[in-house]
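The structure appears below as structure tokens.
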Amino acid sequence: MVRRIPGACERDDRHRRSPDGGRDRSSLLATRPRLSFLFLLLSLLASPVAPANDTVARSLCDTPPHEEVCPVAPKDNTDFDASFIYLNLEKNAQDPFDIFSWQTFVALNWPANEAGAPLGEPIGTHPNRPRVWQSYGQPGELFGFAPEDEPCRSGAAEEVATGQILQFNGKPLIDRDLNYIVFDTRLNGHIERYVVANGLDSAEGQRRFREAGKAVDFPRGHYEEKLARTGGALGSIAIKTSWKIMDADASGEAVRYYTVDGRIAVPAARSETGEALCVKTRLALLGMHIMHRTESGNGGDWIWSTFEHVDVAPIADNSLDPNNILGELFTGGCRAESVESQRYVLFNPDCKDCATNAISPAEWKWFEDAPHARGHATRGEFGTQVVRCWKIFESTARVNEVWHARLRDTVWSNYRLISTQWRGAPGSRLFPNGEVPRFLTNVTLETYDQFSHGGTCMGCHAKAVTAAGQNANFSFLLSKAR
């Protein structure tokens, strides 16, 4: 039997829509479901080409008028569904996913009222208002906060309070100014309600859930009318952010970032004084990683979007295409020898022979006053030397240009989409989870994972299990239950 496979954005021609709502006239590929391994390999190694900017510009908002950025998050990505096998055969396969990512990012970062509803004014207004995502809950509200976090809990709605001072691998990250980068995790109401309704907020509840033969299945976003993109409901959204501590004399630099007042809980074991700290400071947003679950796609998987501030770190001179799967990854490390003058948050060109993306072996602790990591600097003066090992698709860079033009004169034009990962093919030896692109890491959140064949959102989260040892539907959240 011959199946028609319209490239990576697998919809047959009767139902396929381009991002602007018209029919997609991209050529379809008629072939057998089992393509040769070599053909598949060559297809997946190809980078997407730049999209037509006029098409992207007509997709800035999920609802009319589509030509203006808006606070409406897409509920689903209807440019793909579960009926076909994804293959990266179509040159603009990445476009619908990158558009989906930008629509979500803008909607989440819209200024909001106390209830988290977006204000009816442009995104660049009310710089001191909380964003929509700040109304989302933190994991501690479901599973309980660590005792040392409690003194830092009270504060205004626009503040960010966090006790997350380590990356997921338990390692710290130190910026150029010798301050630690800190992190925050948020969950929208759909996730919170699902966890509570199924008793998954405790280890015992998760045990009973597993014994009852139930599977973890977080809510999926969908439209009632898929082609018209109307009705339906938003699905599960989880967000992880990274933050830079702003020096008191860095007010000129701060205008390039979204900033908030913050409170950082430091446990006694990580304090130079030997006592728990509650550091009150100004925080600048560096990175945002968004997990967004939708109904469409192979198995109703999550869509993974990752954004970084443009000043975070340089792209390596020896960077590779994120679909590169041949040979050793970055033998000898990632190099950025051509960087001279631009000031990056996580890279200092004066440290010519510093190892890049290297975990410090030092026993690290926080000083009570800034710079908080000054006792653990490389050679007494340098922070973690970070370089982005993976390139950004040319097509993604062009999508970024369109959104940056619409967000001009706002801080949001200084954030760029690195890529969007989605399940594009069945699992294989080279693409274990069928992820496209093959590699995706946020250098502010997963700094030390770029050299690994596991440096992929789906590859990492596929290992997530609940506190009861059950498959956790790609979320490490449930492992926090006690």
Side-chain angles (χ1 to χ4, degrees), residues 61-63 68-75 102-145 149-164 182-197 201 218-219 221 232-246 254-255 257-265 278-292 305 307 407 410-412 415 477:
C61 182
D62 192 54
T63 59
E68 299 294 332
V69 296
C70 71
V72 181
K75 298 169 185 173
W102 263 110
Q103 290 177 344
T104 303
F105 178 82
V106 167
L108 291 174
N109 284 294
W110 209 269
N113 61 22
E114 289 74 11
L119 301 178
E121 299 176 63
I123 189 173
T125 61
H126 303 288
N128 296 320
R129 295 290 304 176
R131 307 290 114 176
V132 168
W133 64 263
Q134 286 174 258
S135 66
Y136 292 1
Q138 294 175 307
E141 295 174 47
L142 286 173
F143 308 111
F145 290 98
D149 292 353
E150 291 300 337
C152 273
R153 293 305 310 159
S154 60
E158 63 271 18
E159 292 184 335
V160 168
T162 182
Q164 296 182 41
V182 297
F183 311 95
D184 183 41
T185 302
R186 300 294 177 117
L187 316 165
N188 75 348
H190 296 290
I191 292 180
E192 293 179 311
R193 288 188 289 273
Y194 176 80
V195 169
V196 173
D201 50 343
F218 288 103
L234 200 65
S236 302
I237 296 179
I239 302 169
K240 188 158 189 178
T241 51
S242 55
W243 301 84
K244 166 183 166 56
I245 294 172
M246 296 300 299
V255 298
Y257 297 87
Y258 172 62
T259 61
V260 297
D261 286 331
R263 299 181 309 284
I264 306 164
C278 183
V279 178
K280 297 180 181 180
T281 186
R282 192 73 178 168
L283 297 174
L285 181 66
L286 287 186
M288 177 174 281
H289 201 49
I290 306 168
M291 291 174 59
H292 193 166
S305 311
F307 288 80
L407 296 169
T410 76
V411 296
W412 306 109
Y415 295 87
L477 165 71

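Model, not experiment: these values are computed from the prediction. Sequential numbering from 1 along the given sequence is applied to the chain's residues.
Separating the OG atom in Ser242 from the CG atom in Leu285 is a distance of 6.5 Å, to the nearest 0.5 Å.
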| task | Quick one: do Trp412 and Tyr258 satisfy ring-ring contact (aromatic ring centres under 6.0 Å, His included)? Show the steps, please. | result | CA-CA 8 Å; Trp412 306 109; Tyr258 172 62; 5.3 Å; yes

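With contacts defined as side-chain heavy-atom distances shorter than 4.5 Å, the pair His289/Ser305 does not qualify.
Side chains of Trp243 and Thr241: a donor on one and an acceptor on the other come within 3.5 Å.
Looking only at distances, a side-chain donor or acceptor of Trp110 sits under 3.5 Å from a matching main-chain atom of Leu119.
Here the closest non-hydrogen pair linking Arg263 and Cys278 is CB-SG, 4.2 Å. Summarising the geometry of Ser135 relative to Val132, their closest heavy-atom pair is OG-O, 2.7 Å, with the distance given to 0.1 Å. For Arg129 against Ala112, the heavy-atom pair with the smallest separation is NH2-O, 3.1 Å. Nearest heavy-atom pair, Pro219 versus Ser236, reported as atom, atom and distance to 0.1 Å: O-OG, 2.9 Å. Here the closest heavy-atom approach between residue Val160 and residue Trp133 is recorded as CG2-CH2, 4.2 Å.
Between Tyr415 and Phe105, the ring planes are tilted. Angles from 30° to 60° get that label.
For Asp62, the salt bridge (Lys or Arg N to Asp or Glu O under 4.0 Å) criterion is met by Arg229, not counting sequence neighbours. Every residue two or more places apart in sequence or in another chain was checked for a side chain to side chain donor-acceptor pair (under 3.5 Å) with Thr410, and none qualifies.
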Just distance, no hydrogens or angles: give the donor-acceptor pairs under 3.5 Å from side chains in residues 137-144, sequence neighbours left out.
unit_1: Gln138; atom_1: OE1; unit_2: Arg153; atom_2: NH1; d: 3.0
unit_1: Gln138; atom_1: OE1; unit_2: Arg153; atom_2: NH2; d: 2.7
unit_1: Gln138; atom_1: NE2; unit_2: Ala161; atom_2: O; d: 2.8
unit_1: Gln138; atom_1: NE2; unit_2: Asp184; atom_2: OD1; d: 2.6
unit_1: Glu141; atom_1: OE2; unit_2: Gln138; atom_2: N; d: 3.1

